[in-house]
Structure formats: structure tokens, C-alpha cells
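Accompanying notes for the structure given below.
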Amino acid sequence: MSTLNSAAEQVAQRRGLMVFLALAVLTVIEYIVAVSLDSVPVLVALLAVAAGAKCWAITVYFMHVSKLWRGEEAH
Amino acid sequence: MAIILGFVLAVVGFTLGTGVLGGIRVSMGLEYWSTDLSWTIGYPFALLGWLAGVGGWKYWATEWFGGTAAQTPKGVKRYFEWNMDHKVIGVQYGVTFVALLLLSGLAAMGIRYELMQPGMQLFTQDQYNAVMSFHGIGMVAVAVAIMLGAFGNYVVPIMIGAHDMAFPRVNALSYWLVPPVAIMLVIAVIMGGWDTGWTAYPPLSVLNKSGQVLFNLAVITFGLVSILGGINFIVTIVYERAPGMTWGRLPIFVWGAFAGSLIAFFFTQGFAAGLIMILLDRVANTSFFHAAEGGSPILYEHVFWFYSHPAVYVMVLPAFGAVLEVLSHMSRKPLYAYKWVVGAMLGIVALSGVVWAHHMFTSGMEDYLHAPFLVLTEMISIPTGIIFLAAIGTIWAGRLWMRTPMLFALAFIFNFTVGGLTGIYLADVPTDIHLHDTYFVVAHFHYTIMGGEIFALFAALYYWFPKMTGREFNETLGKIHFWLMFIGFQLVFIPMFQVGVKGMNRRVADYPDAYADFNRFISISGFVLGSSFIFFTANMILSWVKGRRAAANPWHATTLEWQVSSPPPEHNFEGTPVIESGPYEYGVPGAPKHAHIGPASAEHA
Amino acid sequence: MAATATLPHGREVDSSHAARRVRINRLGLWLFLASDGALFALFAASRFYIAGTAISPHLNQLLGLGITSLLLLSSFTAYRAETAFTHGNTSHGRMMLLATVLMGLMFFGGVVYEWSIAEFSPSEAYGTAFFSMTGMHAFHVVTGVFFLLLMWARSGDGKFTGGTNAWPIAAAVIYWHFVDVVWVFFYPTLYLLK
């Protein structure tokens, strides 16, 4: 994206892209596991882990949950 | 006037919503009007119209669309429309819920008149169900919201040295959602009522009259009130404390409000979820509770009690706080075991979410759930016991000042003890199986909530009346109110334990002749109890209109709200609050004064 | 505005009035999301209570994967929008907001299409869970789109650009991520079990 302004913005945007790619990979894994696995307990456990990981990544990197206790950083 | 505009826009919204729905239905070849569905669709539009009309648009929402919000007016007018001052909102909540309390109390009088003798006299059985259900939900609404709504709103920000709540506009929004709740419940009764009590158990609540739909919509709205209020209190207490007001120096009422809010904001969704499922079953053809299709009525009981048991702690935690507040100031002694009380309150918050199924021992739920819920429920008596001991420790060897608020606070200790001890029989599975759905449960519940919270409410009401109105109340009328209410209360509910053990079912409009003597006695006692509220109402109206001007600090109390004028100035403090020690250092040698108002700093001037 | 304080470990924190206000609003928003999340969690739990882990064999799995990916991608563009606005890049931020709105609407369209072709009725146990959960989620998608559109419409003059000014954008975006988090759990719950 050529429209980006500052180095700081570029760093943040690149981090976002990495997180998105990780989420996408996890989603594909979820789908493959679901179509290929027959044992329901194992499936539930794996899906729970995958969903938990995705939820963690989104809350931490996309929603900036840590700003709740670390305050607003100065820019 | 704003309220009239609110009504007009509500009707417009309702007509619009039902009209669009009706148009779609007609074009699909159906009838224009379907009572359940039309109300469900029309109501949210009516609600938006109402909120816009009473001032939500003029003073807030217009900003979102690029407009400029108007300034709220001063004077008496502001009590009758959208206002964002927490003191105005506190008074609005207080008056609205006292009115609802008296209305629901009137319903109770009707119930007692009907039950005075066997057979049907005053009501038909349907009407009895409607009145009983209205009494239930009306009182639950009062109990959940009045402590936090009225006194939490009015007193908590001043106590912690804040200039207002964290979200003044959300605060106004949550108050203005209350009148639609009351109006919907009254319309529901006029439409023929609903017959599930306040608990709305399916399958009946999926199959009965359309009053049920209005009840559901009203209570979902009320859940929103509770959630928004809870969030507001949490954020206010976390971020709006004045410098020096550390967590360890918070007045205990603030802790009670904080703990109650934690429960309200998280668990209220349970009631909402259950009621939404009922609505979906009724209007969207789903099968949450249709056993034939794989649904389960037991699911409702789980979801419902997941909220509704914690809800009793939303009711009593702020009440505990208010009572301990009054006890300490009126005994001129430090609050006994402050830190343990705080720990106990937070312990109740933690435990409240894991005890719900003790309401379901006879419901047919899985047997293996009985033992854990029995044990967890009994564990709740540990933190409540700590709070009870702290109350006793506080008045122990104190110099008690027996004014009306103190009498109510002492009565709270007595009543809550009875309520707590009788609760053991209901938490234990073997006794509960006999006592379930009898008047024993009714008596236990009223001892904890009416004897506990409502007595605490009156302690708080008389205690803060001078601060909120700027007038002194009439002590004689206050004491008459207290003694009539206290004695009447005991005479109503002690016999109910007895008649419950003998097997009289609750919620039923009629009973076998064998219970006649008990019920005549209970009803007459009930009218004595009811008559106490005549003195209360007279006292409130007379004192507010022509009572003597109250001093800034009639109780010589230490907390911040008493260090400002009665009623407080518009932004609470003329200067900057300075907090130097804990709030209850009565007679502690060398302790600095808890708080005083310092000179105004440049920042807040 | 420019008031900053240095914490013991040397990180600079904006302690101005505006930053304090954002802190307060942020906690309020998160508490609201936690409360809303409890509602979704209760519906998800109810799904297991009445229907176990069974799913309908008539589900269109590819459509499910498609709309899930779309929502995830919209979360990414929402992140880009917020980052751009906080770093003073209004034009890119607005473009990304619009992209998010567009994908949100496509997701909603996907759900509507799925409802129209579903070969099971809401009166079955699984159908009850499916229609109520996707319906509630779709309602949140619509409100999220509304907030994002509002932000797009009002951000043109740059009043939401830079530091704490970008809070309204951040709030709408956090809400949008929340809607995605809900779907992160609803997607396997409704589509991927057996």
C-alpha cells in the first residue's frame, strides 16, 4: 500500500497482516479437521483449541485488549 | 412537554412498525394483525420513539448525525425530561420505583383479600394469576433497581468525590427505559394479564395469552436498564474516584454498589436469553421448549435461574452496604472488619454464579447435579455470615442513636437472620423436596428480600432523605411507619412458614378449608403491614413539601456526601474533595478526618 | 492534549483529559461486550443442551466457509482502518472502512441466502439453534455496519484522525471485531460438528 504515511503505521499494518494470515490458516485447518475427522470428542477438543486461539489473537492484536490496563499510549 | 411528545412518538413508532409488518403480512396473504408478532415488532419502534421524544434526540443522538445537542434546563422542569445529572436521575429513579412499590403493594393487598377465606371472592382465577404475576415482577423490578438506581446514582458519585457518573448520557438512557417497562406491564394486565408469575416458566409461557409477550418485552428492556446501570457504576467506581479515595477507603455502600453491579452487568443476560427464547418459540416457530421436537423446558429453568439467583445478590449487596453504612454512623463506631466485609461481598459475587440449580431440585433435572448445588449453596452462608457478624460487631458496645434509619437497619439484621436460617431448609435437597412450591418458600423469600432489602431500602431512604430533598422528614411518622411495618411483617410471614410446612401451595388462588384460620390471620396482619405505607407516603409528601430545611450534615457523619450542602450544588463540590483516611474512624485516637472539601483547584473550577 | 507522563519502565503514556476520557470509554465498551458475549454464550450452550453436537446434513459447507472467510477478511480491513486513522492517514482509513462495510453486507447477504435455501425448519432442534444463533449474530452484523457507515460518513473532515481523536473509529472497529469473535465460536459450533 503506497498510501501509508509513517514507519510506525507500516509496522502496525504489517503486524495486522501477519495476524490475519495466522487466523486464515487456523480457519482452513479447522475446516480440514472437521471434514476429515470422525471422532466427535477429539473434534470438539481440537475445534475448541482452534477457536480459543483465534479468539485470543483477535482480542490481543486486533482489539488491543491490553490498553484496558496499560492506558493510552502517546503518539 | 417532553413526556407527552415521548408518548406521541411511541404511538407513531408502534404504528409504523406494526404497519410495515402488517403490509408484508397482507402481501403474503396473511392477516394484517397478529397480536404476538405485531407487539414484538412494534415495541422496539415504540421504544425508540419514546426515547427520542423524552429528550434522547434533542440532548444526545442528534450529535451522532452532525447536529448540536441542546442544553438541559434548570429548575423543577428537568425532573420530567431527559437529564444527565446523576442527582436528578437518582430522584427520578427513587420516585418512579417508590410509585411502582406502592402499586405492587396494592396488588399484594388484593391477593391477601382474596386469600382471606376459601373460595373465590374478589377475583376470578385468571385475574388472581394476573395480579399475583404483576405483584411478583413489579416487586422484583423495584428490588433489583431501587437501591442502585436511586441511592447508587445519587450518593455513589458524591461519596467517591466524582462530579458525575462516568457515562451521564447512558445513565439518562437507562432511566428513561424504565417507564416503558412499567407501562407495558400495566397494558399486559389490562389485556388480560399473563399467568406464569414473574418466572415465566415454559411450556405455559409459550402457550398462554398474549400478555406474556408484553411481559417478555418489558422485562428484556428492564434487563437492559440493569446492564447499562451496572456497567456505569463499575466504570465510575474504577475511574472516577477523587485523588486519595483509594480502594481501601471506599465507603462500604460504594463497595456494595460495585459488587451488585458486577453481578448485574454479567448475569442479567440469562433472563434476557430465556425470555428471547420464549419469544422466538412463540413468534418464530423455534423449538427451544417444545419437548416433542427435541427442545426442553428444563433448559429455560437453567438459563433463567443462572440470572435470577444472582439477581437476589444484585438486590441485597447494595442493601448490605447501605445498612452497614447506617449502622456505623449511627453507632458512632468504626465499621467492624471492613476488609473482611469487602472480601465477603466479592466472595458472594464469585459464588452467586454457581448456585442456581438449587431452585430446580424438584424440576426433573439430572440427579447428579443435586449434591454439588446443595454444597455450593450452603457455602454462600459463609460470606453472608461474615457480613452479619460485621453488623453485630459494629453495633456492639456502640452508642446507638435510635432514629428511624437506625431502626430499619437493626430490623434488617433481625429479618435477614430469619431469612438466612430458613434458607438452609430450602438448600438441603431432602427438606426442599417437601417444602418446594409451598408458602414456606414465599415466607423465606419475603424475609430475605422484603425483610432484608426493602427494610434496608427504608433505612437508606430515611438516612439520605435530608440530603436528596434538602428537607427533614417527620420523625414521629417515620417511627409509626417502622413499628407498623416491622410488627405487621413478622405477623404475616411467620405463620406462612407454618402453613407452608403443612403443605399449602403457593401461587394458587384457592386452598382447602383446613388452611382457613391461618390465612385469615395472615391477611389481617397483611393489612396492618399495608397500612404502614399510608404513614410512609404521608410522611414523604408532607416532609418534601413543607418539612424543615435540612442542615448539610444532620447525622454528623464522616462520608463526603455529608460534607456538601443539602441538596448538593450542581457539580457536587464547590472545591476539591480531600480524602485523608478511612470513612469510619469514629473515636479512633489521632485519626485524621475522612474527607473535607478543600479550595477549588484551577482544573475543576 | 500534549501532556505525557513517563512510567517507571520508561514508556510514555498520554495522561491528558482526552486520553483519560478514552480510557473510561474503553472500559465501558469492553464491559458491554462482555455482557453481550454472555448472551451469545448462553445461546451457544443451549444449542448443545437441546441438539447435542448434531448438525444438519443439508448445510452448505462451502457457503459457510466462504462467509466465515469474508468476515475474517473484514476484520482485517477494520484493523487497517483503525491503524490508519490513529496514525493520521484519513484517506486510507476511510477506504478500509468502506471495504469493511461492503464485506459486512456481503456476509449478511450470505446469511440471508443461506436461510432461503435451508432445507430444515426452525422447529427442528438443530434448526432452532441454527436460525436463532445466526439471526442474533446477523442482527449484530447489521448494527456494526450501521456504526461503521456512520463513522465513514463523519470522518471526511479529519476530525477522527490521529491519536485519541480516533477513538470513535476504534470503538466501532472493536465492536466489529467482537462480532467476528462471536462468529469464531459460532462457525464451528453450527457447521463443523458431527
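Just so we're on the same page: letters track the sequence lines, and every chain starts at 1.
For B:Ala284, the part lying near chain C is the backbone, with the side chain staying farther off; criterion is any non-hydrogen pair under 4.5 Å. In this structure, chain C has a heavy atom under 4.5 Å from the side chain of B:Phe306, while its backbone stays farther away. Heavy-atom distances place no part of B:Val170 under 4.5 Å from chain C, backbone and side chain included. Looking at C:Arg23, both its backbone and its side chain come within 4.5 Å of chain B, counting heavy atoms on both sides.
Between C:Glu124 atom CD and B:Asn285 atom CG the span is 10.5 Å, to the nearest 0.5 Å. Rounded to the nearest 0.5 angstrom, B:Phe265 CZ and C:Leu31 CG are separated by 4.5 Å. How far CG of C:Leu29 is from CD1 of B:Ile231: 9.0 Å, rounded to the nearest 0.5 Å. Expressed to the nearest 0.5 Å, how far CD1 of B:Ile298 lies from CD1 of C:Ile50 amounts to 14.0 Å.
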Between B:Phe167 and C:Asn25, is the side chain to side chain contact (heavy atoms under 4.5 Å, CB included) condition met? List the steps.
CA-CA 8 Å; B:Phe167 305 111; C:Asn25 290 346; 3.2 Å; yes

Please determine whether side chain to side chain contact (heavy atoms under 4.5 Å, CB included) holds for the pair C:Leu150 and B:Phe65, giving the CA-CA distance in whole Å, both sets of side-chain angles, and the decisive distance to 0.1 Å.
CA-CA 8 Å; C:Leu150 208 60; B:Phe65 300 92; 3.6 Å; yes

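Ring planes of B:Phe288 and C:Phe43: perpendicular class, angle over 60° (limits at 30 and 60°).
Remark: C:Trp30 CH2 is packed, more than 12 non-hydrogen atoms of other residues, nucleotides or ligands lying under 6.0 Å away. The number of heavy atoms from other shown groups lying within 6.0 Å of CE (C:Met106) does not exceed 12. Within a 6.0 Å sphere centred on CZ of C:Phe40, other residues, nucleotides and ligands contribute more than 12 heavy atoms. Residue B:Phe573 places its CZ atom among more than 12 non-hydrogen atoms of other residues, nucleotides or ligands, all under 6.0 Å distant. For C:Phe139, the CZ atom sits in a loose shell: 12 or fewer heavy atoms of surrounding residues, nucleotides or ligands are nearer than 6.0 Å.
Heavy-atom pairs under 4.5 Å with chain B were tallied for C:Ser46, C:Ala34, C:Ala38, C:Ala125; the largest tally goes to C:Ser46.
Closest non-hydrogen pair, C:Leu42 versus B:Gly270, comes out as CD1-CA, 3.4 Å. The two residues B:Leu280 and C:Ser132 have their closest heavy-atom pair at CD1-CB, 3.7 Å. Of all the heavy atoms in B:Ser287 and C:Thr128, the pair that sits closest is N-OG1, 2.8 Å. In terms of heavy atoms, B:Ile227 sits closest to C:Ser35 at CG2-OG, 3.4 Å. Nearest heavy-atom pair, B:His302 versus C:Tyr49, reported as atom, atom and distance to 0.1 Å: CD2-OH, 3.7 Å.
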